[in-house]
2 protein chains.
Amino acid sequence: MIGETEPISTYANVMRGVVKLSKMLEDGRQQVVGLQFAPDFLGRPFAEESAVTAEAASAVDTCNFPKLALETLITQNPGLERRLLQQTLKELDEARDWMLTLGRKTASEKVASFLYLIATHLDPTRNPADIVSAEFTLPVTRADIADFLGLTIETVSRQLTKLRSEKVIEVITNRQVSIPDLKKLHHRCG
Amino acid sequence: MIGETEPISTYANVMRGVVKLSKMLEDGRQQVVGLQFAPDFLGRPFAEESAVTAEAASAVDTCNFPKLALETLITQNPGLERRLLQQTLKELDEARDWMLTLGRKTASEKVASFLYLIATHLDPTRNPADIVSAEFTLPVTRADIADFLGLTIETVSRQLTKLRSEKVIEVITNRQVSIPDLKKLHHRCG
DNA sequence: CGCTAGCTTGATCGAAGTCAATCACCGTGG
DNA sequence: CCACGGTGATTGACTTCGATCAAGCTAGCG
C-alpha cells in the first residue's frame, strides 16, 4: 500500500493503479466517495480547493502537470473542456449509482456491488459489457472496502465468506479474487 | 404535490420550487440522488439517456428549451460550457457530501443534515453562510425525505420528534419547520 | 523464529427496520 | 353540517441486520 495523502496542487492522469477519494467527519468516520481507475483524470479544475482527499490505493503511476498549464490549455482548446465535462458527468453518474448502493442495499448486496465494480473497471482495455468472468487482485484493503461501502471490516469479511461459500466468488488469497460467473455476481447486486 | 415523472427530452432551468432526482432498484427500493433548487440546471448534456428520474417535489416553475438548441448554443458559446462544467462539479461535490451522509452518519445526523441542507438551499437569494435562523415549508413528503436519507418514514418521523423535543427545531405543522438556531442544528450533523 | 498488520470468526448488543394501530387533516358527498 | 374515506404522519411493540467487542488466525518480514 502506498497510501500517501497529499493535497493535489497539480493535475494528474491515472496511468496505472487505483486512486481513492475520500471524505471524513471530524470524529474520524470516513467515507470513500470515489475510485479513479486508469485512465481517469484527477484534480479539480477552477476550484479553490477540493473537499476530498486523494490517496493512492495501490501502486499507482500518474502523469502529472501543473494546475496553471491545464487551465490555460483548456481555455485554448474547447475539445478538452468537452472531454472534461464528459468525465465529470461520468463521475456524477457513478457517484449517484453509489448513493443508491449506500442508501438502499444490504451489506451483502453492497459487497457484491463492489466486486462487480472492480471486475468491470480494473482493466481499462476491456469493455465492461462483454466480461463474463474475471480474476484480479483487489486494489484496496478490507478497511478501504468497508469505508467505501459504509460498513465495518468485520461485515465485509463476513459477506465475502458468505459469497465464497455460496460459490459466487473464489478467494485465492486475501487479495486475489476470481469471479467465475459475472452474471451471477451481478444478480447479487440488488 | 405535482409528482409527475417524465423523461427529460428537453433541458430546463428550475425557476422556482424543488425537483428531485432519483434512482430505483428492480424490487422498488428507491434512493433520491439529488435535489435541484432554483436556479439549478436540469438535464444531461450530450447523453444517450439519463439513468435518473426527475420528478417535481413541490410546485415547480421551469424554463424549458429543446435539447438541440442548447447543444448548439454550447458549441458556439464557450462561456456557457464553462458554466455547465461548474454546475456539474458542484453537483458532484454535493453528491459526494451526501455519500458521506448516507454511508457514515446515524439516522438523527441524517435528518439534521437534511434539514440543514433545505434551510441553506431553499432561498436562492441568500448566502448560506450568513443564515442564522430559518423557517420554511418542507418541499417534500416524509417518504421523500426517507428515500433521500436511506431510511424509513418511521425513522424519519421519530428523529424529527426527537429533534423537536430537544428544542433543535420547531414543527409548526407537518410541513412547516422553524430552525431557531442553525448553528445548533449544524452541530447535530456529525 | 517472533512480531506486526491485515483478516477472519464468534458472541453480544443496539440502532433502525418491520408490522400494526392510531391520529390528524381534508376534501367529498349524503 | 357531519359522516365517510383517504392520505400522510406519528407512535408503539417487536425483530433483525450490522456494529461492537474480543479472540484467534495467517502471511510477510526483520
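Both backbone and side-chain heavy atoms feed into the values below; hydrogens, waters and symmetry mates do not. Because the structure is predicted, anything quoted here is derived from the model rather than measured. Just so we're on the same page: letters track the sequence lines, and every chain starts at 1.
For the pair A:Arg142 and C:dT8, the criterion of a side-chain N or O lying under 4.0 Å from OP1 or OP2 is met. The side chain of B:Thr161 contributes an N or O atom lying less than 4.0 Å from OP1 or OP2 of D:dT11.
Two end axes, each from the C1' atoms of five base pairs, can be drawn for the helix from C:dC1-D:dG30 to C:dC26-D:dG5; they diverge by 30°, to 10 degrees.
Not one N or O on the side chain of B:Asn13 forms a donor-acceptor pair closer than 3.5 Å with the backbone of B:Met15. Under a 3.5 Å cut-off, the side chain of B:Gln176 and the backbone N or O of B:Thr173 do not form any donor-acceptor pair.
Annotation: side chain of A:Asn64 is not in contact with side chain of A:Leu42 (no heavy-atom distance under 4.5 Å).
For B:Gln176 and D:dA9, the CD to C1' distance is 16 Å, given to the nearest whole Å. To the nearest angstrom, C1' of C:dT8 lies 8 Å from CZ of A:Arg158. When the C1' atom of C:dA5 is taken as reference, atom CZ of A:Arg175 falls 11 Å away, rounded to whole Å. Between the P atom of D:dC17 and the CZ atom of B:Arg29 lies a distance of 13 Å, rounded to the nearest Å. At whole-Å resolution of the value, CD in A:Glu154 and C1' in C:dT12 are 13 Å apart. The separation between B:Arg104 atom CZ and D:dT20 atom C1' is 13 Å, rounded to whole Å. If you measure from atom CG of A:Leu160 to atom P of C:dT8, you get 6 Å, rounded to the nearest angstrom.
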Can you give me the N/O atom pairs linking the protein to nucleotides 14-16 of chain C at distances under 3.5 Å, or say none if there are none?
unit_1: C:dA16; atom_1: OP1; unit_2: B:Ala107; atom_2: N; d: 2.7

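Atom CG of B:Asp123 sits about 6.5 Å away from atom CD1 of B:Ile131, to the nearest 0.5 Å. Atoms OG1 and CG, from A:Thr62 and A:Asp40 in turn, are 13.0 Å apart once rounded to the nearest 0.5 Å. To the nearest 0.5 Å, atoms CG (A:Leu163) and NZ (A:Lys184) are separated by 10.5 Å.
Checked against D:dT11, C:dT8, D:dC21, the side chain of A:Ser157 finds its nearest nucleotide in C:dT8. Proximity note for A:Asn174 (side chain, C-beta onward) versus D:dT10, D:dC21, C:dT8: the nearest is C:dT8. Residue A:Thr141 has its side chain nearest to C:dC7 when only D:dA9, C:dC7, D:dC21 are considered.
Electrostatic pairing of A:Asp93 and B:Arg44 counts as a salt bridge here, judged by a charged N lying under 4.0 Å from a carboxylate O. Classification of A:Asp181 and A:Lys167 as a salt-bridged pair fails, no side-chain N sitting under 4.0 Å from a carboxylate O. Looking at B:Arg96 and A:Glu91, a side-chain N of the basic residue comes within less than 4.0 Å of a carboxylate O on the acidic one, giving a salt bridge.
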